[in-house]
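Note that this is a predicted model, so its numbers are computed, not measured.
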Amino acid sequence: MEARLNIMTSPAAAKAMKHIIAAHKALADSTLPTATRELVMLRASQINGCAGCIDMHTKEAAAAGETAVRLNLVAAWREATVFTDAERAALELAEQGTRIADAAGGVPDEVWANAAKHYDEDQLAALVAQIAIINAFNRGNVITQQPAGDYQVGQLH
């Protein structure tokens, strides 16, 4: 499979992407746990069908110590017993934020309240930013049909 477009060869798009990449990197300094960030990015990428991001975040999470069991169960996290209540709240917020067009009222108050029980305001802000950023990456990759499978850990971090 070959991508439709190399977005980084367009001066305008490359400039915009560099800002999105910088925003993503800035979140690594937040107090939101790395495992939570990776699980959220993986789940949003699964929903959006972004093979490139699924490849990347599965490999990055595994390299950071995430177990194969947890990575394999992200897609069915509601029925899995391997996630903490906080991670479950983050995954729910990620799903609702990713599927925002499916709900006329956006993210339900109860989903937000559940996340707010587990994360402080700074962590919630980082979580919201992470969900928005991964959705931006997903959409760019899916639109341009970026191939997956060759990602190497640390390649883009």
Side-chain angles (χ1 to χ4, degrees), residues 1 3 17 20-21 23-157:
M1 177 179 194
M17 288 303 296
I20 295 171
I21 291 166
H24 169 74
K25 288 180 178 181
L27 293 175
D29 295 332
S30 77
T31 59
L32 186 65
T34 300
T36 302
R37 290 188 316 106
E38 290 294 343
L39 294 171
V40 160
M41 289 186 285
L42 178 55
R43 185 65 190 125
S45 299
Q46 289 170 338
I47 292 166
N48 289 324
C50 182
C53 289
I54 293 168
D55 183 29
M56 176 183 190
H57 295 294
T58 299
K59 290 173 180 174
E60 290 291 345
E66 194 58 74
T67 68
V69 169
R70 283 170 44 96
L71 291 173
N72 288 324
L73 288 173
V74 167
W77 65 267
R78 283 180 179 81
E79 294 80 24
T81 60
V82 297
F83 301 106
T84 67
D85 288 343
E87 290 168 336
R88 297 169 75 72
L91 288 165
E92 174 98 36
L93 186 61
E95 283 192 3
Q96 293 294 324
T98 298
R99 292 182 166 138
I100 204 162
D102 296 344
V107 175
D109 290 339
E110 58 272 10
V111 171
W112 180 261
N114 189 35
K117 287 191 306 191
H118 300 283
Y119 299 101
D120 64 28
E121 192 168 294
D122 186 57
Q123 291 170 321
L124 283 170
L127 188 55
V128 169
Q130 191 68 80
I131 293 164
I133 291 166
I134 193 61
N135 273 279
F137 281 127
N138 290 166
R139 280 151 175 74
N141 286 342
V142 170
I143 291 167
T144 61
Q145 294 184 341
Q146 294 299 312
D150 295 330
Y151 180 80
Q152 300 296 314
V153 173
Q155 180 179 332
L156 298 177
H157 280 237

Quiz item: Shortest non-hydrogen contact from I100 to G106?
Solution: CG1-CA, 4.1 Å

Practice problem: Heavy atoms only: give me the nearest Q96-P108 pair and the separation to one decimal. | Solution: OE1-CD, 3.4 Å

Self-check item: Minimum side-chain heavy-atom gap E87-R70 below 4.5 Å
Solution: yes

Quiz item: Within a strict 4.5 Å, meaning less than it, do heavy atoms of the T67 and L71 side chains meet?
Solution: no

Between [atom1] on residue [X] and [atom2] on residue [Y], distance to nearest 0.5 Å:
X	Y	atom1	atom2	value
Y151	K59	OH	NZ	9.0 Å
H118	T36	NE2	OG1	11.0 Å
L124	D120	CG	CG	7.0 Å
T34	E66	OG1	CD	10.5 Å
Q146	C50	CD	SG	8.5 Å

Self-check item: Partners meeting side-chain contact (heavy atoms from CB on, under 4.5 Å) with R99 (sequence neighbours left out)
Solution: R43, I47, E95, D102

Self-check item: N/O donor-acceptor pair under 3.5 Å between Y119 side chain and A86 backbone
Solution: yes

Quiz item: Does CD in E110 sit with more than 12 non-hydrogen atoms of other residues, nucleotides or ligands closer than 6.0 Å?
Solution: yes

